[in-house]
Every structure is written in C-alpha cells, then in structure tokens.
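Everything on this sheet refers to the single structure shown next.
Lettering follows sequence order; numbering is per chain, from 1. The shown structure was predicted, so the numbers you read here are calculated from the model rather than taken from an experiment.
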Protein chains: 2
Amino acid sequence: MPRVSQAHLDARRQQIVDAARSRFASHGFAHTSMTDIIAESGLSNGAIYRYFTSKDEIVVAVCEQGTDALPRALTAEAVSGFLEHVRARARDSHHARLVAQIYAEAAVSPQLAAVVQRQLAAMRAAIAELVPDARRAQAGQIAEAFVALCAAYSQQLAIRGDVDPAPFAAGLMAIIRG
Amino acid sequence: MPRVSQAHLDARRQQIVDAARSRFASHGFAHTSMTDIIAESGLSNGAIYRYFTSKDEIVVAVCEQGTDALPRALTAEAVSGFLEHVRARARDSHHARLVAQIYAEAAVSPQLAAVVQRQLAAMRAAIAELVPDARRAQAGQIAEAFVALCAAYSQQLAIRGDVDPAPFAAGLMAIIRG
DNA sequence: CATAAAAGAGTGACCTCTCTTTTTAGGTGC
DNA sequence: GCACCTAAAAAGAGAGGTCACTCTTTTATG
C-alpha cells in the first residue's frame, strides 16, 4: 500500500496504542511482550515498527493518552458521580490497573515522570478553579489533597478489585470544606 | 560450609532481600535482573537460588516486608510527624518508589494482591482504633479515606520527588473531623 | 506502474535458572 | 587438642528460552 491518507496512518497508530493499553491494563507493562501487542492489534511485527521505534515509545504513547477525567463541580453529587465513573472504568477496562502501571514506571523513568507530572499539574489546576470563593485562599492546598485522594481511590480499585466509593466521597467533601 | 546456625541462614536471606529491595526501589522490578541482585548482595548465583527458588519469590519477600508505618495518634502533630517520616524515607531509600512498584505488581498478580490487601486492612484497622469516640460510628469510613490519602502522599513522592506534606496533613485532619 | 505499507521469518542479546565444582564450618576419633 | 572427614553452603560457568528488534519479501493503493 503506498501513500495512504493521514487519517489511515493515524487510525493504525491508534489501533496499536489501543491494543497495547488493553494488554498493559490486564497484564502490566513488564508482562506484556511485543508479540502480545502484535497479536492484540491484529497487525504484524513489521507494521508496528513502522509506527513506533521501540516498546518504550508505545508505553509513552499510552501514558500520554492516559489522562483521568475529573468532576465538573465540587458538589456532593458531582463528586459521587465522578467516583462512580472511575469505578465503572476500572470494572470495564481495568483502567485503574493501567494507572498503577503508569505510576510505577513513572517512578523510575524520568521521561514518563515528566509526562505524568504535567498531567497531575493540569488536574490540580482544574480542581483549584472549582474551589468555592469562600476557600479561594486554600485552593492550591485543596486541589493537591483532592487530586491525590482521587488517585488513591483508583489505586485501591486496582488492588482490591472493587471498593465502596462512599468513604472517598466523604473524604473529598471534607477536604473541600476544610 | 556445613550446618550453619539458623541465625546465619536468616541473615543471608535478609541480605538478599535487602539487596533486592534497594535495586527494586531505584530501578523497578522489571528493570532489575537477577544479575543485578546478585551483584548488589555480594553473593553468587548459586547462593541466591539456595534461598529463593525464583525472582518472583524474592519480589514476594520484599513486598511482605514492605509494610508502611502509621501515625500513633490522630492529632495534628502526630499526623504531620508521620508525613515527614514518609517523606524522609522516600528521600533516603526511595521507599515511595518501591511502594509504587509493589502496587503496580499487585494490580496484576493475585498472589501479591493478597499480601497487599492484608497489609492495607491491618492499617485501616489500626487507624480505626485511633478514631476519637465522637466519630466512632464513622471509624471505618474515616480509616478507609485516611489510609488511602497516606498512600496517595507516598505515590506523589514517588513521581514528583519531593512534595510539601502540608496539604496532605490538612486533608487528613479534615477527614478525621468529617 | 511506482511507491510505500504490511508481513513475518530470522537474529543476536539478555535473562532466568541449573548443574557441577569448590570451599568451609563443625562434628569425630584418637 | 589436633587432624581429619562429612555435609552443607557458595561459587560460577553455561544451557535453554524469550524478547525486542531487523531485514527482505510481498502486497496493495493511487
């Protein structure tokens, strides 16, 4: 196939990232071989290496797309709804497991750490924006603890399979209230 | 060497676990080879396999010894002191990085998940004991969020190198107060 | 028909684990 | 109290297998 549309190229690349993410989420980075990614993607060895020069590059691509969602408002309803969303995603696609993999790898890879730090900073900034005026002065502090506790819920889901979100919802609201 | 004291055998085994933990904390499980552990421990290939039948078994041994400390009381001072302890340990021995590795591996290994779940449950129980009488009814909920936020601080240290503990101390106290 | 994407067998490095050999601590007989 | 012997511990070379990645060939599009 020569000269194929950019959309086609993008779709192929995404196909590889999706396959890798799926495998990474169920088996972890270390226990996923290139052969696994190749099989899951339905492509060939050669095709993969046309889009990525190494396994590490695929890991980075997966991490870059791994951004978590956030609640839209800091009300009890929005926060609870958000935790349910995280919970559902953990159940359906093992997303929490994937996040645990990303954090572990970021802990020992400066390149990945940079990616994850940028994502965390963006999340904290987004949450800080939502802090009610009454607590504006502590917005930064609140956002730090809030985002961390959201990440902690994901972490617990990864290890324990399913966890009642209520204590986390209560904790998040307590953090907002101060 | 024949028939050597049990203390000697225990010390040798611990020597291997310590070497492995050190390497795991700075490079991660996946990026640590048996050769690395052998070099770090100062022992030989043959010696290692006398004490452990596989690399996985060493990982389990490290995880079993990886229990985190906890604050002794739920006062602002005790909680702040505890966070400083976690922070110092992350700085001195990359302990936070090791914990991130453990959680990631536990997310994809039922055997390790069981070990970590037991440790988490013990921590929650210990914290629940410390909850003041006024909030006894919510002790379980509080312990869940409290332990998770402590783990989250460790997680952030692993990724960001150093993080001000103040927002976490404030968050933990807010959780206790409700 | 020209060109580039996809295929997939092959390659070399590395990694875990085994097996044989060497060393040594401690018990034994004199 | 000394030499010796036994048995277990430590050493380390290497076997076997797996993995990431490459290179040539095939296929298909514009």
Side-chain angles (χ1 to χ4, degrees), chain A residues 1-63 101 104-105 108-109 111-112, chain B residues 1-63 101 104-105 108-109 111-112:
Chain A
M1 303 179 191
R3 196 116 292 264
V4 113
S5 72
Q6 185 62 40
H8 174 91
L9 294 174
D10 292 348
R12 272 281 199 262
R13 193 185 152 95
Q14 192 58 44
Q15 184 178 350
I16 296 165
V17 172
D18 290 345
R21 181 175 37 239
S22 167
R23 273 279 168 173
F24 289 161
S26 46
H27 296 82
F29 291 152
H31 303 292
T32 297
S33 68
M34 286 301 282
T35 307
D36 293 333
I37 297 173
I38 288 158
E40 181 87 23
S41 70
L43 293 176
S44 70
N45 201 327
I48 303 262
Y49 279 94
R50 174 160 298 282
Y51 293 91
F52 295 94
T53 68
S54 70
K55 183 183 173 184
D56 282 351
E57 213 174 281
I58 299 178
V59 170
V60 171
V62 168
C63 292
Q101 303 302 312
E105 195 63 21
V108 297
S109 155
Q111 188 192 359
L112 271 190
Chain B
M1 300 177 193
R3 198 115 292 260
V4 110
S5 73
Q6 185 62 38
H8 173 93
L9 295 174
D10 291 349
R12 272 283 200 260
R13 194 185 151 96
Q14 191 58 43
Q15 183 177 352
I16 295 165
V17 171
D18 290 344
R21 180 174 37 238
S22 166
R23 273 280 170 173
F24 289 161
S26 45
H27 298 80
F29 292 151
H31 303 292
T32 296
S33 68
M34 287 301 283
T35 307
D36 293 333
I37 296 173
I38 289 158
E40 181 87 24
S41 70
L43 294 176
S44 70
N45 201 327
I48 301 261
Y49 279 95
R50 173 161 297 282
Y51 293 91
F52 295 94
T53 68
S54 70
K55 183 184 171 183
D56 282 351
E57 211 174 283
I58 298 178
V59 170
V60 171
V62 168
C63 292
Q101 304 301 313
E105 195 63 21
V108 297
S109 155
Q111 188 193 359
L112 271 191

Can you tabulate the close N/O pairs, meaning under 3.5 Å, that link protein atoms to atoms of nucleotides 9-13 of chain C?
residue	atom	partner	partner atom	Å
C:dA9	N6	A:Asn45	ND2	3.0

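- By the side-chain contact (heavy atoms from CB on, under 4.5 Å) test, A:Ala30 is found to be paired with B:Ala30, residues two or more places apart in sequence or in another chain being considered.
- C:dT18 atom P lies 14 Å from atom CD1 of B:Ile48, rounded to whole Å.
- Following rounding to the nearest Å, A:Leu9 (CG) and C:dA6 (C1') show an atom-to-atom distance of 12 Å.
- Nucleotide D:dA20 holds its P atom 13 Å from the NE2 atom of A:His31, rounded to whole Å.
- Nearest heavy atom pair, residue B:Phe29 against residue B:Cys63, reads CZ-SG, 4.3 Å.
- Dashed line: the shortest gap from a side-chain N or O of B:Tyr51 to OP1 or OP2 of D:dA10 is under 4.0 Å.
- Contacts between residues 14-28 of chain A and DNA chain D, counted as heavy-atom distances below 4.0 Å, involve no residue at all.
- Shown here for A:Ile58 and A:Ile48, the closest heavy-atom pair between the two residues is CD1-CG2, 4.1 Å.
- Protein atom CZ of A:Arg50 is 11 Å distant from nucleotide atom C1' of C:dT3, rounded to whole Å.
- Of all heavy-atom pairs between A:Asp36 and A:His31, the closest is OD2-O, 3.8 Å.
- The pair B:Asp10-B:Arg13 does not count as a salt bridge, with every side-chain nitrogen at least 4.0 angstrom from each carboxylate oxygen.
- Distance A:His8 NE2 to D:dG30 C1': 13 Å, rounded to the nearest Å.
- A heavy atom lying under 4.0 Å from DNA chain C marks the following residues of residues 34-43 of chain B, by number: B:Met34, B:Thr35.
- Distance alone, capped at 3.5 Å, is enough to place a donor-acceptor pair between the B:Thr32 side chain and the B:Gly28 backbone.
- Closest non-hydrogen pair, A:Val108 versus B:Ser26, comes out as CG1-O, 4.0 Å.
- Atom CD of A:Gln14 has more than 12 neighbouring heavy atoms from other residues, nucleotides or ligands inside a 6.0 Å radius.
- When the side-chain nitrogen and oxygen atoms of B:Ser44 are compared with OP1 and OP2 of D:dA11, one or more of them lie within a distance under 4.0 Å.
- Heavy-atom minimum distance, A:Tyr51 versus A:Glu57: O-OE2, 4.2 Å.
- A heavy atom closer than 4.0 Å to some atom of DNA chain D occurs in A:Ser54, A:Lys55, these being the qualifying members of residues 54-63 of chain A.
- A search for side-chain contact (heavy atoms from CB on, under 4.5 Å) contacts involving A:Ala25 returns A:His94, A:Leu98, not counting sequence neighbours.
- Atom-to-atom, CD of B:Gln6 to P of D:dA9 comes out at 10 Å; the value is rounded to the nearest Å.
- Side-chain contact of A:Glu105 with A:Ser109: a donor-acceptor pair under 3.5 Å is absent, judged by distance alone.
- Under a 3.5 Å cut-off, the side chain of A:Gln101 and the backbone N or O of B:Ala104 do form a donor-acceptor pair.
- Across B:Val60 and B:Gln111, no two heavy atoms sit closer than the pair CG2-NE2, 3.8 Å.
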